[in-house]
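Contents: one structure, followed by commentary.
All ligand and atom numbering here is 1-based and tracks the order in the structure. For the numbers below, each heavy atom of this structure counts, side chains included, while hydrogens, waters and symmetry mates do not.
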Amino acid sequence: MTEQMTGAQALVRALEHVGVDTVFGIPGGAILPAYDPLYDSVKVRHVLVRHEQGAGHAAQGYAQATGKVGVCMATSGPGATNLVTPIADAYMDSVPLVAITGQVASGAIGTDAFQEADISGITMPITKHNFLITHADDIPRTILEAFHIASTGRPGPVLVDISKDALQATTTFPNWPPAMQLPGYRPVTRPHSKQIREAAKLIVESKRPVLYVGGGVHKAGAAPQLLEFAELTGIPVVTTLMARGTFPDSHPQHMGMPGMHGSVSAVGALQKSDLIIGLGVRFDDRVTGELSSFAPFAKVVHADIDPAEISKNRHADVPIVGDCKEVIAELVAAVRAEERKGDYAEWWNLLSGYKATYPLGYDEFEDGSLAPQYVMERLGAIVGPDALYTAGVGQHQMWAAQFIGYEKPGTFINSGGAGTMGFAVPAAMGAKMGRPDAVVWAIDGDGCFQMTNQELATCALEGVPIKVAVINNGNLGMVRQWQTLFYNERYSNTDLQTVRRIPDFVKLAEAYGCVGLRCERPEDVDATIKKAMEINDVPVVIDFVVHQDAMVWPMVAAGTSNDDIKYARDMAPVWDSEE
Ligand SMILES: Cc1cc2nc3c(=O)[nH]c(=O)nc-3n(C[C@H](O)[C@H](O)[C@H](O)COP(=O)(O)OP(=O)(O)OC[C@H]3O[C@@H](n4cnc5c(N)ncnc54)[C@H](O)[C@@H]3O)c2cc1C
Ligand SMILES: Cc1ncc(C[n+]2csc(CCOP(=O)(O)OP(=O)(O)O)c2C)c(N)n1
């Protein structure tokens with residue numbers, strides 16, 4: 001049955017039809033018509049955030065915790081431009097997001113009207129697709145299309161910009177679902193069988209294969225298929241920052257995370273391999289290091305749902321376009337069908353040697369101050385593998401990747417491609433709203449925390465009891481680390497002075513209606529984490545005051561070869577690049 005209503009009412013009705021239960025946003029003039037029917041919706045909960053950037057990251061956290069599309073909303077002009085960072089972040093990390101923005105009335109577009117910004121133009125290069133709607137009749141179909149595009153194929157952000165007059169005009173709500181008009185959009189999910197057979201042949205013939213596993217494997221929901229494939233073949237596995245937990249850290253075939261701050265065994269597994277089987281990975285520069293010297297002996301099988309990724313950075317000898325769940329399931333069948341079996345004994349000798357000789361580790365401080373890596377280890381041990389962890393960007397993010405220990409897919413949610421400081425707190429809020437049953441920890445730096453901590457007010461008011469571990473080293477630590485290593489210890493503008501307790505994070509937490517705790521000594525870490533775990537009615541912030549000189553190791557310096565990986569400062573090269 002068709003029904004007459006305003007464009008704004010049609011928008012809310014369409015959101016209900018596509019299954020939206022949570023929208024993060026802030027109202028303003030151009031989007032105001034939409035907020036009126038939103039007020040009446042019993043299906044859609046609108047969460048009033050404190051900054052639109054928080055709305056975008058919360059929607060990302062929600063999306064990554066639930067596998068559904070995250071939704072954020074803002075008004076025109078500055079409201080919309082405040083969403084640009086999370087939209088770019090979602091684009092880089094392939095997060096399904098729909099951002100809905102109000103636009104000035106269609107007749108005023110292009111006149112520098114009050115709060116006008118060409119947000120569809122601005123976000124053109126950072127969205128999977130975007131729409132500008134100026135007719136109310138187009139709203140329901142476009143919403144359906146936006147959700148379809150965001151969530152299928154390679155997931156990504158879609159912007160829907162709606163002029164104020166379209167929201168106010170009268171329209172007829174169509175029978176649901178309306179027909180989508182996306183003739184050119186047909187993501188390929190089934191891999192080509194010839195390519196699969198070719199890959200299986202290379203796998204059994206190779207002597208030094210490695211499974212290079214990325215965010216696409218988790219997005220495909222293919223962790224069980226990956227486990228079966230890895231155990232069937234006995235091939236070592238590395239998981240990128242975006243795939244932590246997709247293969248259990250505790251599994252004996254897991255070599256760890258590759259890349260700039262990866263483990264020696266994972267970097268070595270790629271660098272020394274004769275066959276890289278890349279599954280849902282981007283051959284990102286943080287992983288390859290200097291591209292021309294990356295994995296010089298390896299042939300490459302590369303499977304990705306987005307054909308544009310294949311051979312983008314590294315030539316693929318066997319390109320496979322498809323969904324990783326189907327790709328891996330078919331690889332399992334194809335390897336089983338091969339009469340031969342790979343012999344990787346010598347390869348395992350080499351990699352086991354790397355693993356035993358160069359485990360992840362860190363130095364304690366003689367003055368008894370806290371090592372941040374120890375905090376991560378204890379968090380992982382006490383909180384356990386069922387929790388969701390988000391992270392900001394910097395040293396704490398890398399330590400969280402290295403030392404917590406992930407056993408389950410999707411349990412580590414962070415900003416990989418864009419590296420957006422301020423991601424952790426709002427993403428944790430969104431994750432907790434999507435998965436209220438889960439314990440959600442935000443691991444943040446003192447720099448990052450000061451970018452978006454205002455969402456703690458939202459958490460306290462909306463009853464979202466996240467837990468925040470601020471790794472407070474008083475500095476923009478990751479930048480300071482680069483200054484230590486590459487700028488002669490000239491610490492230009494990286495001292496945040498939070499050691500002087502400005503702001504005092506405990507008092508700040510209390511001002512936001514949260515519980516604030518402080519921990520400065522190793523012997524207090526367990527008790528403080530346990531105390532935070534016992535508080536489940538309000539958000540908790542722990543100010544972990546750590547030593548400012550802790551560094552992230554191993555490290556491949558930016559732009560250099562993976563062959564130059566340093567296990568620790570002033571240590572000789574790990575291997576001979578000719579080997
Ligand atoms: C400070 C800092 C340091 C970093 N250091 C490291 C590091 O040491 N190591 C590291 O690994 N990363 C590091 N990163 C992250 C890095 O920048 C990249 O974000 C990351 O390496 C990319 O991971 P990925 O290759 O798994 O690709 P993702 O960005 O996760 O991309 C996923 C790929 O899978 C594809 N895909 C999506 N869905 C499917 C599907 N259903 N089926 C098949 N394919 C699919 C997509 O098309 C895409 O190509 C760092 C980031 C920061 C901020
Ligand atoms: C929005 C943004 N601005 C600047 C940077 C550059 N940057 C990367 S890490 C970092 C320091 C982060 O400091 P902090 O949050 O204290 O974390 P730490 O590295 O000390 O753990 C900076 C400034 C960034 N990634 N994002």
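Between Cys324 and ligand 1, at least one N/O pair is under 3.5 Å apart. For Trp399, no nitrogen or oxygen atom sits less than 3.5 Å from a nitrogen or oxygen atom of ligand 2, counting backbone and side chain alike. An N or O contact shorter than 3.5 Å links Gly447 to ligand 2 by distance. Ligand 2 has no nitrogen or oxygen under 3.5 angstrom from a nitrogen or oxygen of Met451. For ligand 1, none of its N or O atoms has an N or O atom of Gly394 under 3.5 Å away. Below 3.5 Å of separation, one finds an N or O of Asp323 facing an N or O of ligand 1. Geometrically, ligand 1 and Thr240 share a nitrogen or oxygen pair separated by less than 3.5 Å. Polar contact check, Phe449 against ligand 2: no nitrogen or oxygen pair lies under 3.5 Å apart. Polar contact with ligand 2: present for Gly477 (N/O pair, distance under 3.5 Å). Some N or O of Gln395 is nearer than 3.5 Å to an N or O of ligand 2, by distance alone.
If you look at Val287 next to ligand 1, the close heavy atoms, those under 4.0 Å, all belong to the side chain. Here Asp284 has side-chain heavy atoms under 4.0 Å from ligand 1, and that is the only part of it that gets that close. Counting heavy atoms under 4.0 Å from ligand 2, residue Asn475 touches it through the backbone alone. In Asn473, the part holding a heavy atom less than 4.0 Å from any atom of ligand 2 is the side chain.
For atom 46 (C) of ligand 1, the closest non-hydrogen atom of the protein is Asp304 OD1, 3.4 Å. When only non-hydrogen protein atoms are considered, atom 14 (N) of ligand 1 lies nearest to Leu241 CD2, 3.5 Å. Among protein heavy atoms, the minimum distance from atom 6 (C) of ligand 1 is reached at Arg286 CB, 3.8 Å. In terms of protein heavy atoms, atom 7 (C) of ligand 1 is closest to Pro258 O, 3.6 Å. Protein heavy atom in closest approach to atom 6 (C) of ligand 2: Met421 SD, 4.2 Å. Protein heavy atom nearest atom 17 (O) of ligand 1, with residue, atom name and distance: Gly416 O, 2.9 Å.
Separation of atoms OH (Tyr91) and OG1 (Thr123) is listed at 11.0 Å; rounding is to 0.5 Å. Note: Leu508 CG to Phe449 CZ = 5.5 Å, rounded to the nearest 0.5 Å. To the nearest 0.5 Å, atoms CZ (Arg480) and CE (Met551) are separated by 8.0 Å. A distance of 10.5 Å separates CD1 in Ile87 from CG in Asn82, rounded to the nearest 0.5 Å.
Using a 4.0 Å heavy-atom cutoff, Lys325 is absent from the residues neighbouring ligand 1. The closest approach between any non-hydrogen atom of Ala243 and ligand 1 is not below 4.0 Å. In this structure, Ile471 does not count as a contact residue of ligand 2, since none of its heavy atoms falls inside 4.0 Å of the ligand. Residue contacts with ligand 1 do not include Gly221, since none of its heavy atoms lies under 4.0 Å from the ligand. At least one heavy atom of Gly419 sits less than 4.0 Å from an atom of ligand 2.
Ring geometry for Trp575 versus Tyr354: interplanar angle of 30 to 60°, hence tilted. Ring planes of His251 and Phe247: tilted class, angle from 30 to 60°.
Atoms of ligand 1 lying under 4.0 Å from at least one heavy atom of Val281, given by number and element, are 25 (O). Counting the atoms of ligand 1 from 1 in the order shown, those under 4.0 Å from a heavy atom of Asp306 are 47 (O). Short contacts between ligand 1 and Gly280, defined as distances under 4.0 Å to a heavy atom of the residue, involve ligand atoms 26 (O), 32 (C), 33 (C), 34 (O), 44 (N). In the vicinity of Gly417, heavy-atom distances shorter than 4.0 Å reach the ligand 1 atoms 19 (O). Residue Gly259 has at least one heavy-atom neighbour below 4.0 Å for each of these atoms of ligand 1: 8 (O), 9 (N). Distances below 4.0 Å separate heavy atoms of Gly322 from the following atoms of ligand 1: 42 (N), 43 (C). Residue contact check: Met92 has heavy atoms under 4.0 Å from atoms 29 (O) of ligand 1. Contact atoms of ligand 1 toward Gly419: 53 (C) (distance under 4.0 Å to a heavy atom of the residue).
Results of the ring-ring contact (aromatic ring centres under 6.0 Å, His included) test with Tyr362 over Trp553, Phe403, Tyr374 single out Phe403 as the only residue that passes. When each of Leu370, Val470, Ile443 is tested with Phe544 by the rule side-chain contact (heavy atoms from CB on, under 4.5 Å), just one qualifies, namely Leu370. Residue Gln548 is tested with Asn473, Asn472, Asn475 for a side chain to side chain donor-acceptor pair (under 3.5 Å); the sole match is Asn475.
In plain terms, the two heavy atoms of Gln271 and Ala295 that are nearest each other are OE1-N, 3.1 Å. Annotation for Pro522 and Ser369: closest pair CG-O, 4.2 Å, computed over non-hydrogen atoms.
The cationic group of Arg518 does not satisfy the cation-pi geometry with Phe505, failing either the under 6.0 Å distance to the six-membered ring centre or the 45° limit from the ring axis.
Contact annotation: the side chain of Thr390 never approaches that of Asn414 to less than 4.5 Å [non-hydrogen atoms, C-beta and beyond]. No side-chain heavy atom of Gln373 sits less than 4.5 Å from a side-chain heavy atom of Gln402. At least one side-chain heavy atom of Val468 sits less than 4.5 Å from a side-chain heavy atom of Val425. Side-chain contact between Ile529 and Val383 is present, with heavy atoms from C-beta onward closer than 4.5 Å. Within the 4.5 Å cutoff, side-chain heavy atoms of Gln195 are placed close to those of Pro319. Within the 4.5 Å cutoff, side-chain heavy atoms of Tyr512 are placed close to those of Asn453.
Relative to atom 45 (C) of ligand 1, the option among Ala401, Ala418, Gly216 with the closest non-hydrogen atom is Gly216. By heavy-atom distance, the residue among Met260, Met398, His261 lying nearest atom 4 (C) of ligand 1 is Met398. Here atom 29 (O) of ligand 1 lies nearest to Arg282 when heavy atoms of Met242, Met257, Arg282, Arg154 are compared.
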Inset, instruction - Take Leu97 and Val71 through the side chain to side chain contact (heavy atoms under 4.5 Å, CB included) test and state the conclusion after the steps. - result: CA-CA 6 Å; Leu97 185 81; Val71 188; over 6 Å; no
Legend entry - side chain to side chain donor-acceptor pair (under 3.5 Å) between Thr239 and His254, intermediate numbers included: CA-CA 8 Å; Thr239 54; His254 197 207; 2.9 Å; yes
